[in-house]
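Just the heavy atoms: all of them, side chains too, but no hydrogens, waters or symmetry mates, feed the values below. Here is how names work: the chains are called A, B, and so on, in the same order as the sequence lines, proteins then strands, and each is numbered from 1. This structure is a prediction, so every number in the text was calculated from the model and none was measured.
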There are 2 protein chains.
Amino acid sequence: MAAPEGMFVLEGRPTAQLIADQLRELIVQGVFIPGQQVNESALASQLNTSRGPLREALQRLCQEGILVSKRNRGVFVLELSTEDVREIYAVREAVELAAANSLLDSGPEQVTDTCRELKGIIRNMAKQVAVSDWQAIARLDMQFHTAFVSGTGNTRLIRIYETLAAESRMCILSLEVAYPRIDVLVQEHQTILDLLEARDRSGLQQAIKRHMQKAVEDLTSSPEATGITA
Amino acid sequence: MAAPEGMFVLEGRPTAQLIADQLRELIVQGVFIPGQQVNESALASQLNTSRGPLREALQRLCQEGILVSKRNRGVFVLELSTEDVREIYAVREAVELAAANSLLDSGPEQVTDTCRELKGIIRNMAKQVAVSDWQAIARLDMQFHTAFVSGTGNTRLIRIYETLAAESRMCILSLEVAYPRIDVLVQEHQTILDLLEARDRSGLQQAIKRHMQKAVEDLTSSPEATGITA
DNA sequence: TAAATGTAGATTGTCAACAATACGCGATTC
DNA sequence: GAATCGCGTATTGTTGACAATCTACATTTA
């Protein structure tokens with residue numbers, strides 16, 4: 001039976017996941033700064049829950065890699081090194097290249113569906129660029145790439161990429177307002193979309209590689225970047 | 001100061017991880033069969049611990065994907081579909097291709113170090129093939145590929161691959177004694193090693209793609225495979 | 001004064017009891 | 001006879017208290 005209009009299934013999701021999602025968002029938005037300790041008891045009472053579920057959420061984020069746990073010391077927000085940035089973007093490149101191939105190997109309607117979604121994101125991105133809302137731009141940036149990978153329908157690839165997306169947003173966050181090359185940002189994503197639509201495999205692969213390479217350069221070359229240690 | 005001879009640092013590892021590692025091994029060895037429920041309380045008392053740490057371990061394995069949790073029902077051992085098999089090997093291919101490129105782009109000593117390790121594994125594999133120890137062969141098979149990826153030193157890539165390795169062993173396990181093409185198994189890995197040593201990038205890429213493609217064919221084409229649902 | 005040692009505080013790790021939830025089965029009703 | 005309703009049971013979800021461990025600081029001693 002289809003759900004009647006105006007009704008919604010009440011969130012039967014586990015509490016721990018709700019907490020984890022909330023915390024992840026706070027971290028990638030920079031409310032929790034890298035290196036900062038996250039206190040179990042304190043947070044638990046703030047969120048009006050007990051340590052059990054909260055602990056579970058923290059563990060989840062530890063496994064995702066945006067928190068690090070030190071035995072008997074506590075959990076801390078990940079501090080990114082330039083090496084971390086290189087690692088993250090190397091894996092992102094691998095995943096996106098695989099996604100590109102998978103998409104081009106799949107049916108045409110899968111490609112067009114994905115393109116339609118990507119177009120909408122680019123449109124929003126252009127809007128936010130106009131008003132220079134950096135948080136929103138960073139979010140849309142990752143939303144674009146996540147949608148790209150989601151197009152494959154490969155749940156494992158998607159799950160992996162979601163983790164990378166969170167880490168990437170932490171990288172971008174470190175640059176704060178210094179999001180570089182703002183003018184070409186929309187253009188680069190548009191290029192990727194165009195090449196996908198044209199089903200130009202090698203062109204798409206090259207574009208993805210360039211995109212990642214440039215991002216690493218931007219993120220590692222800026223010495224004033226806060227929160228990224230050499 | 002260097003640790004005195006005969007001394008060892010006592011394992012300060014978290015209990016949950018010890019449990020998780022142990023359970024993972026039991027699952028990939030087929031002690032827990034796919035679809036089977038894993039009872040928290042029962043296992044906790046069997047392992048002489050409480051539900052807290054055990055629950056944490058289960059959650060970890062859920063996130064890795066070899067257990068699935070149904071809200072208020074319990075956790076169950078993952079049942080693999082042919083679609084899962086395709087997904088797993090698609091991601092493995094992506095990761096190994098990235099690892100190959102990373103290795104070839106890195107210093108020569110990194111390649112030679114990796115090759116030395118891979119050689120040892122192949123030697124062991126040949127031994128086990130002689131006595132037809134399937135469990136050991138499956139373990140060495142994944143050990144080979146894990147070592148290959150570990151050679152890159154990319155901690156994120158490695159972590160991702162370890163999860164895939166566990167899932168792959170579950171795939172192979174489903175075939176049980178019917179590990180196909182046993183004669184060419186050592187040969188295929190030897191080929192990959194040779195191409196890596198020769199630094200033949202495109203040859204290596206092709207070999208990896210073939211290796212994965214064949215594996216998927218073997219795993220999905222056998223209808224008598226236990227535990228893999230269509 | 002500097003090194004070593006003991007102690008206090010805070011934080012995580014572990015545990016056992018309690019509450020909430022979903023499923024299966026039998027009774028009931030149309 | 002078939003569908004529905006309600007109850008019992010098994011299992012997970014949650015909670016607060018207790019134990020173990022680590023860091024930092026004060027104290028002692030050569």
Checklist entry - If you fit an axis to the five pairs at each end of the helix from C:dT1-D:dA30 to C:dC30-D:dG1, how big is the angle between those two axes, to 10 degrees? => result 10°

Checklist entry - So how far is it from A:Ile88 CD1 to A:Leu219 CG, rounded to the nearest 0.5 Å? => result 9.0 Å

Checklist entry - Going by the angle between their ring planes, with limits at 30° and 60°, are B:His145 and B:Tyr161 parallel, tilted or perpendicular? => result tilted

Checklist entry - Quick one: CG on A:Leu103 to OG1 on A:Thr152, what's the gap to the nearest 0.5 Å? => result 6.0 Å

Checklist entry - Does a donor on one side chain sit under 3.5 Å from an acceptor on the other, for B:Gln37 and B:Arg73? => result no

Next on the checklist: Distance under 4.0 Å to a non-hydrogen atom of chain A counts as contact; along DNA chain C, which nucleotides mark the start and end?
Outcome noted: C:dT11 to C:dT14

Item to check | Electrostatic pair A:Arg86-A:Glu83, nearest N-O below 4.0 angstrom | outcome: yes

Checklist entry - Does any donor atom in the side chain of A:Gln63 or B:Arg60 lie under 3.5 Å from an acceptor atom in the other side chain? => result no

Item to check | Among B:Leu18, B:Thr15, B:Leu54, side-chain contact (heavy atoms from CB on, under 4.5 Å) partner for B:Leu47 | outcome: B:Leu54

Checklist entry - Stepwise, does the side-chain contact (heavy atoms from CB on, under 4.5 Å) test hold for A:Ile137 with A:Ile172? => result CA-CA 10 Å; A:Ile137 291 168; A:Ile172 296 169; over 6 Å; no

Item to check | By side-chain hydrogen bond (donor to acceptor under 3.5 Å, both in side chains) - contacts of A:Glu167 (at least two apart) | outcome: B:Arg156

Checklist outcome for this item: Numerically ordered, the residues 46-61 of chain B set in heavy-atom contact under 4.0 Å with DNA chain C is B:Thr49, B:Ser50, B:Arg51, B:Pro53

Checklist entry - Does the pair B:Ser81 and B:Asp84 meet the rule for a side chain to side chain donor-acceptor pair (under 3.5 Å), with working shown? => result CA-CA 5 Å; B:Ser81 66; B:Asp84 285 316; 3.1 Å; yes

Next on the checklist: What is the first contacted nucleotide of DNA chain D and what is the last, in 5' to 3' order, if contact means an atom lying under 4.0 angstrom from a heavy atom of chain A?
Outcome noted: D:dT14 to D:dT23

Checklist outcome for this item: Residues at least two apart in sequence or cross-chain that pass side chain to side chain contact (heavy atoms under 4.5 Å, CB included) with A:Glu56, listed by chain then number, are A:Ala16, B:Arg55, B:Gln59

